[in-house]
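Just so it is clear, the model here is predicted, and its values are computed rather than measured.
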Amino acid sequence: MSPQPAPVPLLIACALGIEQFALRAGEGGGAGGPVTVLRTGMGPRAAERSVTRVLTDPALAGAAVLATGFCAGLAPGMHPGDLVVAEETRDPAGTVPCVGTDLLVKELVRTVPGRTVHTGPLTGSDHVVRGQERSDLLTTGAIAVDMESAATLLSAVRTGERPVAAVRVVVDAPEHELVRIGTLRGGISAFRVLRTVLPAFYEWHRSLLLPRR
């Protein structure tokens, strides 16, 4: 019998302590290999440093990388608690295509029933985006923005060939900006959704181990 291939590690990267707490609260079995939840810190530079450093660990050689956490929706009609599955991440440093987008959408719809799942480009920023800047980013084709996903995935693929993806939960949107009344409710909704997404991430991870036809 031929030896079985070593399990592919999974690195799940988020920026904030509250995001890491939500993910760990939802942890359970079912991943296709070892799982690491990394808190990178806020902003693209922090994400780049943290992800690059962690992926030098031989235990994470070839790891799949999934960026997650909260984001700002750009499109009208988005609501706190909606999910965004990136088809690609982009920022001035580069664009990275994501792997397994359709599977992630399917599994999120199953895992988090009743929540709207949006797909499209996810753009990066080095600051919180509001008002007219949000509208300007929408004209580029992006459907959501956050500060770490693009830097996370770009850093990941620069360290070696690997599958990458990004899934974010909308915490504010054009009609529900953070500065408005109702922010707390939107934040709680987004937190609750983030606690439930890990089974979908694990299914995406397991799919990477299947033979390609």
Residue pairs, two or more places apart or on separate chains, that pass side chain to side chain donor-acceptor pair (under 3.5 Å) and touch [range]:
| range | value |
| --- | --- |
| residues 95-117 | E107-R110, R115-S189 |
| residues 139-159 | D146-S149, D146-R168, S149-R168, T159-R162 |
| residues 55-75 | none |

Cluster link [X] to [Y], ILVMFWY, side chain under 4.5 Å:
| X | Y | answer |
| --- | --- | --- |
| L154 | L55 | yes |
| V51 | L10 | no |
| V54 | V35 | no |
| F191 | V112 | yes |
| F201 | V37 | yes |

Pairing residues for [X] by the side chain to side chain donor-acceptor pair (under 3.5 Å) criterion, not counting sequence neighbours:
| X | value |
| --- | --- |
| E133 | H127 |
| D126 | none |
| E161 | none |

In chain order, what residues pass the salt bridge (charged side-chain N to carboxylate O under 4.0 Å, His left out) check against [X], with sequence neighbours excluded?
| X | value |
| --- | --- |
| E48 | none |
| R90 | E88 |
| R49 | none |

Drop me the distance from [X]'s [atom1] to [Y]'s [atom2], to the nearest 0.5 angstrom.
| X | Y | atom1 | atom2 | answer |
| --- | --- | --- | --- | --- |
| L198 | E203 | CG | CD | 13.0 Å |
| S125 | L137 | OG | CG | 7.0 Å |
| T119 | L108 | OG1 | CG | 11.5 Å |
| L104 | W204 | CG | CH2 | 7.0 Å |
| C14 | R24 | SG | CZ | 8.0 Å |

Could you report the tightest heavy-atom contact between [X] and [Y], atom names first, then the distance?
| X | Y | answer |
| --- | --- | --- |
| P121 | G141 | CD-O, 3.5 Å |
| P44 | A151 | O-CB, 3.4 Å |
| A150 | D91 | CB-OD2, 3.6 Å |
| G81 | V169 | CA-CG1, 4.0 Å |
| A72 | R134 | CB-NH1, 3.8 Å |
| L208 | A64 | CD1-CB, 3.5 Å |

Donor-acceptor pairs are to be reported for all side-chain atoms of residues 15-23 against protein atoms at under 3.5 Å, with residues two or more places apart or in another chain.
residue	atom	partner	partner atom	Å
E19	OE1	A15	N	2.9
E19	OE1	L16	N	2.9
E19	OE2	F70	N	2.8

Side chains of [X] and [Y]: does their closest heavy-atom pair fall under 4.5 Å?
| X | Y | result |
| --- | --- | --- |
| L11 | L66 | no |
| V84 | M78 | yes |
| I143 | L74 | no |
| L38 | I12 | no |

Verdict with supporting geometry, C71 and V171, side-chain contact (heavy atoms from CB on, under 4.5 Å)
CA-CA 6 Å; C71 72; V171 73; over 6 Å; no

Please say which of L194, V105, V117 ends up in a side-chain contact (heavy atoms from CB on, under 4.5 Å) with L83.
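The option that passes is V117.
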
For P9, check side chain to side chain contact (heavy atoms under 4.5 Å, CB included) against everything at least two apart and list the hits.
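With neighbours one apart ignored, the set is L60, A63.
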
I'd like to check the side chain to side chain contact (heavy atoms under 4.5 Å, CB included) partners of A86; sequence neighbours left out, ordered by chain and number.
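Expected list: T89, C98, L122, A166.
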
V65 vs L153, side-chain contact (heavy atoms from CB on, under 4.5 Å): CA-CA, chis, key distance, verdict:
CA-CA 7 Å; V65 175; L153 298 199; 4.3 Å; yes

